[in-house]
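Submitted below is the structure of interest, expressed as C-alpha cells.
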Amino acid sequence: NAGVTQTPKFQVLKTGQSMTLQCAQDMNHEYMSWYRQDPGMGLRLIHYSVGAGITDQGEVPNGYNVSRSTTEDFPLRLLSAAPSQTSVYFCASSFGEGDREQYFGPGTRLTVT
Amino acid sequence: GENVEQHPSTLSVQEGDSAVIKCTYSDSASNYFPWYKQELGKGPQLIIDIRSNVGEKKDQRIAVTLNKTAKHFSLHITETQPEDSAVYFCAASNDMRFGAGTRLTVKP
C-alpha cells in the first residue's frame, strides 16, 4: 500500500493564479480531510469528506474548494491564490470520522508571491 | 467548536530524562484524544491515543493520561532518546482540532 500520496511536493504560485493539490489514498478509507499547517498554529482543518459525493467545511474553508467523486481521490482547489495561502498542506484519511487514527500524506509546500 | 491549547511550545531535555506535554480542551463532548509525532519534512503520525472511558494508556516509553473533569490530557515520554526529537501535536474530537504543537529536542 502506498498509503496517502500528495502531489506536488512543492509549488510556487503568483497571486491570482489557480491550482489543484492532488490527494489519493489506497486504503479504502471513507473519511478524508485537508489541513494547512502554519508556524505556531498547528494543523487547521480546511475541508473534509465522509464519503464519495459528500464534502463539508472545516475551520478555515475560505478560498478553497473540494470535491469527492471517488473514494480514493480528494483534490483541493485554490481558485485565486493569495499570499495568505502560503502554507504547508496535508491530506489525511481514516476509516471513520472524529475518533479514528488519521493517516497523513507527506505534504505540499505552497508559496504564493 | 472545540478549542485545544498545548504547552509548552518548545521543550529541551537531556537524553534519558522524561518529557511531559500538556493539552487542555473546551468541548466536554470530545471523546477521542490522539497524539501525533511529526518529523522534519514529513506528515504527522499517530503515536498513541486515548478514549474518554480510559484514564491512562501506556505503550512502552510513551503514556497518555486523561482527566475528563478538568478537561486536560498529557503525553509522557520516559527515557528520552535523540530520535524522540520532533514536533508533537495533541488533538481532540469531535471536529479534530489540533493543538499548536510542541517542538521537543533531546540532547545527547
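Reminder, nothing fancy here: chain letters follow the sequence lines and each chain counts from 1.
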Open item on the list: Surrounding CD of Gln45(B) (heavy atoms of other residues, nucleotides or ligands, distance under 6.0 Å), is the total greater than 12?
Closed with: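 Check fails, neighbour count at 12 or below.
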Task: Heavy atoms of other groups near Arg61(B) CZ, more than 12 under 6.0 Å - done: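 Atom CZ in Arg61(B) is crowded, with more than 12 foreign heavy atoms closer than 6.0 Å.
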Task: CG/Leu40(B): more than 12 non-hydrogen atoms of other groups inside 6.0 Å - done: no
- [ ] Specify which of Gly42(A), Pro106(A), Ser33(A) makes the most heavy-atom pairs with chain B at under 4.5 Å.
- [x]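 Greatest number of close heavy-atom pairs with chain B: Gly42(A).
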Open item on the list: If I take atom CD from residue Gln38(B) and atom CZ from residue Phe90(A), how far apart are they, to the nearest 0.5 angstrom?
Closed with: 4.5 Å
- [ ] Heavy atoms only, distances under 4.5 angstrom: which of Gly43(B), Pro44(B), Pro34(B) has the most pairs with chain A? Name it, please.
- [x] Pro44(B)
Open item on the list: According to ring-ring contact (aromatic ring centres under 6.0 Å, His included), does anything in residues 36-56 of chain B pair up with another residue at least two apart or in another chain? List the pairs.
Closed with: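 Output for this query lists Phe104(A)-Tyr36(B), Tyr36(B)-Phe98(B).
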Open item on the list: Heavy-atom count check: over 12 atoms from other residues, nucleotides or ligands less than 6.0 Å from Glu79(B) CD?
Closed with: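 No.
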Task: Nearest heavy atoms of Gly40(A) and Ala100(B), plus distance in Å - done: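 Shortest heavy-atom contact: O-CB, 3.5 Å.
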Open item on the list: Between Arg97(B) and Arg44(A), is there a side-chain heavy-atom distance shorter than 4.5 Å?
Closed with: no
TODO: Name the option with the most non-hydrogen atom pairs under 4.5 Å to chain B; the candidates are Gln6(A), Arg109(A), Gln102(A), Met41(A).
DONE: Gln102(A)
TODO: Could you tell me whether Lys68(B) atom NZ has more than 12 heavy atoms of other residues or ligands within 6.0 Å of it?
DONE: yes
TODO: Please flag which part of Arg51(B) lies under 4.5 Å from any non-hydrogen atom of chain A: side chain, backbone, both or neither.
DONE: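 For Arg51(B), the contact with chain A is made by the side chain alone.
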- [ ] Against chain A, label Gln6(B) side chain, backbone, both or neither, depending on which of its atoms sit under 4.5 Å from a heavy atom there.
- [x]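 Answer is neither: Gln6(B) stays 4.5 Å or more from chain A.
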